[in-house]
Amino acid sequence: MRTVIFSPPLRRGSGGLAAIWELAGILSRQGRPVALVSTDAGRTPAEPPAHVPYLPWDPEGSFLEPDDVWLVPEGWPNALAPGLRAGAHVLVYVQNWAFMMTGLPENVTWKKLAAGSRPERPLRFLAASGPVRYFLREILGLDGQNVMDDVLPPAVHPVFFREHARPGGRIRIAFMPRKNKALADQIRLITLALLDAANIETEFVSVHNLGREEVADVLAACHIFLSTGFPEGFALPPAEAMACGCVPVGFSGLGGFEYMRNPEPHPLPGLFEPPFALAREPRSGNGLFVADGDVLGAARALAHAVGLARAGNGRWKELVCNGRQTALAYTRRRLEERTEEIWKKFAETC
């Protein structure tokens, strides 16, 4: 069974595109037939994985065989057509729940598309996290025939599993200004006002336009990562921060609750719990997380985290340790193992 993956024709790289290409590379290394297809393969924003061929695009799906798996990212519903025409096994890889609501023609829903697929070859959905799977089932109303039980999260790159000696003095807080910049600015200013009364000095460090190695260096030299991204299907940057021994505080994007856990009992009011049951793993208490967009709650949580970091006692060390253990559940090796398990199950049910 060959897997043919639609590679979106993006002009700039993205985390979602990198995850698609990493998946292609893993399938190839595992000895599974795999190929990429793009409507504009000649103008990709980076180098695709080696040894994975590109097939010429054809809207009629002539590049597909009936036994192929046609994998399409969730934000490109029009790309489903070649697979449906060819009678292939169509699999939608849903990396972000929010993108499920874009690109659909008027009066067309995912539930209607799933209901209209061939009964012997139903339209299938593979989620990148437990929260995304929840969204597919509980919000979009897709059933177990369509939504796979297994999830396939992205991997934290090995470069982030490092620990540097953090400087003394100020508590350093990393943040990504491209993630809801206006809210990040408000949180920063409110936090500074809260800390001014406590006479605690902090330094906010911008993570912007940096390479992966540089990002890892910044995170490893900071105590806290201010998470302001939403919506998210998985929220990779906070997991990368955990791998570096940097405690995330702020928003989950919903998808972050694949691995984000508040301490129990909650150490301060305003911490948020999602509307679904959390898996037992990872360990409880790897950060402080509030509702998306809750600026005041995020600032209070951030000020609380700064106080814990300054004290450096057992509670702070527990957050750091739990975060590291959490990140270890999302290594590249674990991604390869999950991919092997999922594709084996998929082949058995096709």
Side-chain angles (χ1 to χ4, degrees), residues 1-10 14-24 27 32-41 44 48 52-129 132-133 135-137 139-152 233 339 342-343 345-347 349-350:
M1 178 181 290
R2 181 180 63 161
T3 302
V4 184
I5 301 174
F6 177 70
S7 181
L10 304 180
S14 71
L17 182 63
I20 287 291
W21 284 359
E22 185 168 29
L23 174 60
L27 291 171
R32 297 182 181 274
V34 61
L36 292 164
V37 176
S38 179
T39 55
D40 195 2
T44 56
V52 178
Y54 259 103
L55 302 179
W57 169 261
D58 172 19
E60 297 300 317
S62 63
F63 53 86
L64 290 168
E65 300 292 336
D67 286 336
D68 286 341
V69 176
W70 176 230
L71 187 149
V72 177
E74 82 287 347
W76 302 82
N78 288 337
L80 298 175
L84 296 173
R85 291 193 182 104
H89 302 278
V90 181
L91 178 62
V92 182
Y93 183 32
V94 188
Q95 298 181 72
N96 193 324
W97 57 272
F99 295 161
M100 291 294 287
M101 314 311 298
T102 61
L104 286 172
E106 189 175 357
N107 297 322
V108 174
T109 66
W110 284 106
K111 190 170 184 178
K112 289 179 180 178
L113 285 175
S117 60
R118 294 163 55 182
E120 68 276 15
R121 293 198 176 181
L123 183 62
R124 305 287 293 278
F125 297 82
L126 173 61
S129 68
V132 169
R133 183 182 57 198
F135 184 84
L136 296 175
R137 290 176 173 172
I139 306 302
L140 298 187
L142 298 167
D143 58 29
Q145 181 188 27
N146 301 113
V147 182
M148 300 176 70
D149 290 332
D150 296 297
V151 299
L152 188 63
T339 301
I342 290 171
W343 255 252
K345 288 182 182 179
F346 192 82
T349 58
C350 287

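One is the number of the first residue; the rest follow in order along the sequence. Computed over heavy atoms, backbone and side chain alike; hydrogens, waters and symmetry mates excluded.
- In terms of heavy-atom proximity, A88 sits nearest to D68 at CB-O, 3.4 Å.
- Between P73 and I20, the shortest heavy-atom contact is CG-CD1, 4.0 Å.
- Aromatic ring orientation, H89 versus F346: perpendicular (interplanar angle above 60°, classes split at 30° and 60°).
- The shortest heavy-atom contact between V151 and A128 is CB-C, 4.4 Å.
- Under a 3.5 Å cut-off, the side chain of W76 and the backbone N or O of P8 do not form any donor-acceptor pair.
- At least one side-chain heavy atom of T339 sits under 4.5 Å from a side-chain heavy atom of L27.
- Formation of a donor-acceptor pair under 3.5 Å by the S38 side chain with backbone atoms of S7 is found in this model.
- Shortest non-hydrogen contact noted between A114 and N146 is CB-ND2, 3.7 Å.
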- Task: Any chance you could lay out the side chain to side chain contact (heavy atoms under 4.5 Å, CB included) test for L64 and V37, step after step, and finish with the verdict?
- Result: CA-CA 10 Å; L64 290 168; V37 176; over 6 Å; no

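- Taken to the nearest 0.5 Å, the CH2 atom of W110 stands 9.5 Å off from the CG atom of L136.
- The main-chain N or O of A79 is found under 3.5 Å from a side-chain atom of W70 such that the two form a donor-acceptor pair.
- Note on ring orientation: taking the six-membered ring where Trp is involved, the planes of W57 and F63 are tilted (angle from 30° to 60°).
- Heavy-atom minimum distance, R85 versus P59: NH1-O, 2.6 Å.
- Residue R133 holds its CZ atom at 10.5 Å from CG of L126, rounded to the nearest 0.5 Å.
- Checked by atom type and distance alone, the side chain of R124 never pairs as donor or acceptor with a backbone atom of M148 at under 3.5 Å.
- A heavy-atom distance below 4.5 Å is not found between the side chains of I5 and V52.
- To the nearest 0.5 Å, atom OG1 of residue T39 and atom CG of residue D58 are 12.5 Å apart.
- For the atom pair CG (L55) and CZ (F6), the distance works out to 13.0 Å, reported to the nearest 0.5 Å.
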- Take I139 and W97 through the test side chain to side chain contact (heavy atoms under 4.5 Å, CB included) and record every step on the way to the result. CA-CA 10 Å; I139 306 302; W97 57 272; over 6 Å; no

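- T3 contributes no side-chain N or O that, together with a main-chain N or O of V69, makes up a donor-acceptor pair within less than 3.5 Å.
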- Query: Can E65 and D67 be said to form a side chain to side chain contact (heavy atoms under 4.5 Å, CB included), step by step?
  - Reply: CA-CA 6 Å; E65 300 292 336; D67 286 336; 5.5 Å; no

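- Atom CG of L152 sits about 4.5 Å away from atom CD1 of I342, to the nearest 0.5 Å.
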- Criterion side chain to side chain contact (heavy atoms under 4.5 Å, CB included) on L113 and L104, from CA distance to verdict: CA-CA 10 Å; L113 285 175; L104 286 172; 3.9 Å; yes

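- Distance alone, capped at 3.5 Å, places no donor-acceptor pair between the Q95 side chain and the E74 backbone.
- The minimum heavy-atom distance linking V147 with R137 is given by the pair O-NH2, 3.4 Å.
- Atom NZ of K111 and atom OG1 of T109 lie 8.0 Å apart (nearest 0.5 Å).
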